[in-house]
Colleague: 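Sharing a structure here in structure tokens format.
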2 protein chains.
Amino acid sequence: MDQADDRSWTITDLAEEYAVTLRTIRHYEDVGLLSPERRGTARVFHNRDRVRLALILRGKRLGFSLEEIATIVNMYDEQPGESGQLEYLLDQIAVRRRELEQRRRDIEDTLRELDAVERRCRDDLSALVGPAAGDGSRLR
Amino acid sequence: MDQADDRSWTITDLAEEYAVTLRTIRHYEDVGLLSPERRGTARVFHNRDRVRLALILRGKRLGFSLEEIATIVNMYDEQPGESGQLEYLLDQIAVRRRELEQRRRDIEDTLRELDAVERRCRDDLSALVGPAAGDGSRLR
DNA sequence: CCGGTGCTTTACGCTTACGTAAACGTAAGG
DNA sequence: CCTTACGTTTACGTAAGCGTAAAGCACCGG
């Protein structure tokens, strides 16, 4: 594995590394997304928690709610369990996959449209210098 | 254009078509994302509004806030304006593009990990029938 | 022993994105 | 004229995701 797979972090370490507040991290613990070790009252984060935090934040960027993120993140370390659970997990995976693929299509579409807007914008800009004809590609 | 570019829709039409509530559509109007024609007090939606609603919902799927969506959607029908505005718009486009590309990377990563989880899951499942060796690819 | 630094908990506050209830207008059909 | 369907406004409610005090423990250096 890594050179220091047994390293540990304070809450401030992680907060700085991932640019979130202490409150945010504690909140994730409150809702059960993180469960750092306790040494006395202090939280001690290990690599596992660090990975989970990264997963949580990525989920957030993708627009998932903390609850959805919980089901996703927990998929990563389910124990084998019985076959019914495994089938359910496979279902969940399929659902998430479809959602993600939809989002990816949304992104591709939006990027293409941004290209169009940008082109139009550059046309308008150059038209301010040496006037020509627009292509009439507004929304209306 | 389309056969009926001058069609109009009631609020219920759009709500059903896009599977949202009337309240949601009215809320989008409240915050200035939609501005349907008024015939008396009743709302009359035209193609422009319909397109905007689709854009709004796509933005939501991508995890943008309504405020962010407003700035994005409004980019689509900005008037040429003066060069300062156009420069600003180009900046905004660049910002959005970077955000979207980050999200796309997030999605790709997540899809890959889903694949891994699924493989592991299928392994576990088949191990329940004819036991073999796992690959030890858990989070911890 | 005293102060500071860094952590902790408890708990109320705030914003976003709507839900939901109350009360009423308007047009069609029996 | 009455009902039914569909629309409207106003306004308070709510869940999620934190922000922000307020107050306290625990250790460290002087």
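Worth knowing before you read on, the calculation uses all heavy atoms, side chains too, and leaves out hydrogens, waters and symmetry mates. Protein chains get the first letters and strands the later ones, always in sequence-line order, with residue 1 at the start of each.
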Colleague: Looking at Glu108(A) and Arg105(A), does any basic side-chain N land under 4.0 Å from a carboxylate oxygen?
Modeller: no
Colleague: Do any N or O atoms from the side chain of Arg103(A) and from the backbone of Arg61(B) form a donor-acceptor pair under 3.5 angstrom?
Modeller: yes
Colleague: Would you say Tyr28(A) places a side-chain N or O within less than 4.0 Å of OP1 or OP2 belonging to dC18(D)?
Modeller: yes
Colleague: I'd like to know whether Glu99(B) forms a salt bridge (Lys or Arg N to Asp or Glu O under 4.0 Å) with Arg96(B), so could you lay out the CA-CA distance, the side-chain angles of the two residues, the decisive distance to 0.1 Å, and finally the verdict.
Modeller: CA-CA 5 Å; Glu99(B) 287 180 9; Arg96(B) 297 303 155 186; 3.2 Å; yes
Colleague: Measure the angle between the two terminal helix axes of the helix from dC1(C)-dG30(D) to dG30(C)-dC1(D), five base pairs each, and quote it to 10°.
Modeller: 10°
Colleague: Could you tell me the separation between the NE2 atom of His27(A) and the C1' atom of dT9(C), rounded to a whole number of Å?
Modeller: 16 Å
Colleague: May I ask you to evaluate whether Thr21(B) reaches the phosphate of dC18(C), defined as a side-chain N or O under 4.0 Å from OP1 or OP2?
Modeller: no
Colleague: Does the side chain of Thr24(B) get closer than 4.0 angstrom to OP1 or OP2 of dG19(C) through an N or O atom?
Modeller: yes
Colleague: Taking only side-chain N and O atoms of Thr12(A), does any of them lie within less than 4.0 angstrom of OP1 or OP2 on dC7(C)?
Modeller: yes
Colleague: Below 3.5 Å, does any donor atom in the side chain of Arg26(B) face an acceptor in the base of dT8(D), or the other way round?
Modeller: no
Colleague: Is Glu118(A) salt-bridged to Arg122(A), going by a charged N under 4.0 Å from an acidic O?
Modeller: yes
Colleague: Quick check on dT9(C): is either OP1 or OP2 less than 4.0 Å from any side-chain nitrogen or oxygen of Arg43(A)?
Modeller: yes
Colleague: Look at Asp109(B) together with Arg112(B) and state whether they make a salt bridge at an N to O cut-off of under 4.0 Å.
Modeller: yes
Colleague: Using a cut-off of strictly less than 4.0 Å, decide whether Lys60(A) has a side-chain nitrogen or oxygen near OP1 or OP2 of dG17(D).
Modeller: no
Colleague: Regarding Ile11(A), tell me which of base, sugar-phosphate or nothing describes its non-hydrogen contacts under 4.0 Å with the strands shown.
Modeller: sugar-phosphate
Colleague: Could you state the CZ-P distance from Arg23(A) to dT9(C), rounded to the nearest angstrom?
Modeller: 11 Å
Colleague: Closer than 4.0 angstrom, basic N to acidic O: yes or no for Arg98(B) and Glu101(B)?
Modeller: no
Colleague: Return yes if some donor-acceptor pair links the side-chain N/O of Asp13(A) with the main-chain N/O of Thr10(A) below 3.5 Å, else return no.
Modeller: yes
Colleague: In whole angstrom, what separates Leu33(A)'s CG from dA16(D)'s C1'?
Modeller: 13 Å
Colleague: Leu14(B) CG to dC6(D) C1': how many Å, rounded?
Modeller: 15 Å
Colleague: Which part of the nucleic acid, if any, lies within contact of Arg38(B), taking any heavy atom under 4.0 Å across all strands shown: a base, the sugar-phosphate backbone alone, or nothing?
Modeller: sugar-phosphate
